[in-house]
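Report on the structure given below.
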Amino acid sequence: MKRLALKWLMMVMMCAWLAPAVAADLGKNEETAIQSAVQLQIEALANDDAERAFALTTENTRSRLGSSHNFLKMIKEQYDPVYRHRMALYASPQMVRGKVYQVVRLTDLESHVWVAVYLMHKDTEGAWKIDGCQLIQTKTVAI
């Protein structure tokens, strides 16, 4: 499973490097809005604000998980580097085959580096929401 996730991440990143014009299609305002949605959720999680973090997910995700309590429980159990970390570095959002991804490099509290790949979706009101996150641990250790 990790190997498949790593290959998927490599594909997303290769597409980003090989087709820089794809990111330009989003426009600077869209890039800022996408990064802001992810950053707001990460900040909400850092403050244990489950309601605010949950509100930044898509309607489909909210329906699937049922409540902000369930969402925060899942984050704590499966996405600890997102929940608690020392540093987050944001790449430019990328569009790959019609889907928008935001890659964030996270350094956890033990200085291990993770890559979080967020799938983004624009809702009917034009706001960017998070539709899922793939978390991949790297072999890198931050100093």
Side-chain angles (χ1 to χ4, degrees), residues 1-123 127-143:
M1 183 67 176
K2 280 188 177 184
R3 181 173 281 164
L4 178 62
L6 187 56
K7 285 181 182 179
W8 180 77
L9 173 64
M10 296 289 282
M11 181 203 67
V12 169
M13 295 184 85
M14 285 298 291
C15 288
W17 289 318
L18 294 175
V22 174
D25 290 344
L26 292 170
K28 189 64 179 163
N29 290 340
E30 294 292 345
E31 287 186 31
T32 301
I34 291 163
Q35 288 178 347
S36 179
V38 174
Q39 185 173 2
L40 287 171
Q41 186 181 68
I42 287 175
E43 289 171 1
L45 291 169
N47 293 315
D48 288 315
D49 187 345
E51 290 295 325
R52 193 169 109 205
F54 192 56
L56 291 161
T57 63
T58 60
E59 187 176 324
N60 183 42
T61 299
R62 291 190 303 271
S63 295
R64 191 177 70 245
L65 293 173
S67 72
S68 61
H69 172 77
N70 292 342
F71 175 71
L72 186 58
K73 181 179 178 201
M74 178 198 64
I75 294 294
K76 288 179 178 179
E77 291 174 357
Q78 299 175 24
Y79 296 88
D80 190 59
V82 173
Y83 178 59
R84 294 289 186 251
H85 61 279
R86 284 186 333 165
M87 185 170 49
L89 298 172
Y90 295 78
S92 293
Q94 300 294 320
M95 186 179 294
V96 179
R97 295 186 181 200
K99 294 186 178 188
V100 176
Y101 298 93
Q102 173 63 59
V103 176
V104 182
R105 181 180 176 261
L106 298 165
T107 302
D108 69 17
L109 299 178
E110 283 129 27
S111 296
H112 296 105
V113 178
W114 299 76
V115 175
V117 181
Y118 289 86
L119 176 59
M120 304 300 294
H121 178 75
K122 203 173 206 179
D123 69 12
W128 285 98
K129 301 292 184 173
I130 299 166
D131 198 31
C133 178
Q134 180 72 39
L135 188 61
I136 303 159
Q137 185 174 12
T138 70
K139 300 291 182 189
T140 306
V141 176
I143 297 175

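Note that the coordinates shown come from a computational prediction; the quantities given were computed from them, not determined experimentally.
- Residues Leu26 and Pro93 share a closest heavy-atom pair of CD1-O, 3.7 Å.
- Side-chain N or O atoms of Asp131 include none that pairs as donor or acceptor with a backbone N or O of Thr58 at under 3.5 Å.
- Side-chain contact check for Trp114 versus Ile136: every heavy-atom pair is 4.5 Å or farther apart.
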*Using the side-chain contact (heavy atoms from CB on, under 4.5 Å) rule, take Leu56 and Val38 through it: C-alpha gap first, then chi angles, then the decisive distance, then the call.*
CA-CA 8 Å; Leu56 291 161; Val38 174; over 6 Å; no

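- In this structure a side-chain-to-backbone donor-acceptor pair under 3.5 Å is present from Arg84 to Leu45.
- Side-chain contact between Asp108 and Asp80 is absent, with no heavy-atom pair separated by less than 4.5 Å.
- Residues Gln39 and Glu43 have side chains that bring a donor and an acceptor to within less than 3.5 angstrom of each other.
- Closest non-hydrogen pair, Ala55 versus Lys129, comes out as O-NZ, 3.0 Å.
- Two residues are said to be in side-chain contact when any heavy atoms from C-beta on lie closer than 4.5 Å; His112 and Thr107 fail this criterion.
- Taking NZ of Lys28 as the reference point, atom OG of Ser92 lies at 6.5 Å (rounded to 0.5 Å).
- With Gln102 contributing its side chain and Val100 its backbone, the two residues share no donor-acceptor pair below 3.5 Å.
- The line from CZ of Arg64 to CE of Met74 is 7.0 Å long, rounded to the nearest 0.5 Å.
- One distance of note links CD of Gln94 with CE of Met120; it measures 13.5 Å at 0.5 Å rounding.
- Here the side chain of Lys99 pairs no donor or acceptor atom with the backbone of His121 at under 3.5 angstrom.
- Going from atom CG of Asp123 over to atom CG of Asn60 covers 13.0 Å, rounded to the nearest 0.5 Å.
- One finds the CG atom of Leu65 at 11.0 Å from the CG atom of Leu72 (value rounded to the nearest 0.5 Å).
- Between the CZ atom of Phe71 and the OG1 atom of Thr61 there is a distance of 8.0 Å, given to the nearest 0.5 Å.
- Judged purely by atom type and a 3.5 angstrom limit, Gln41 has no side-chain atom pairing as donor or acceptor with the backbone of Phe54.
- Put simply, the residue from Ile34, Val103, Ile130 that forms a side chain to side chain contact (heavy atoms under 4.5 Å, CB included) with Tyr118 is Ile130.
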*Going through the distances and angles, do Arg52 and Leu40 end up as a side-chain contact (heavy atoms from CB on, under 4.5 Å)?*
CA-CA 8 Å; Arg52 193 169 109 205; Leu40 287 171; 4.2 Å; yes

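- In terms of heavy-atom proximity, Ala116 sits nearest to Leu135 at CB-CD1, 4.0 Å.
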*Evaluate side-chain contact (heavy atoms from CB on, under 4.5 Å) for Asp48 paired with Tyr83, printing each intermediate quantity in order.*
CA-CA 9 Å; Asp48 288 315; Tyr83 178 59; 2.5 Å; yes

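- Here the side chain of Gln35 pairs a donor or acceptor atom with the backbone of Ala91 at under 3.5 angstrom.
- Remark: side-chain polar atoms of Tyr79 are paired, donor with acceptor, to backbone N or O of Cys133 under 3.5 angstrom.
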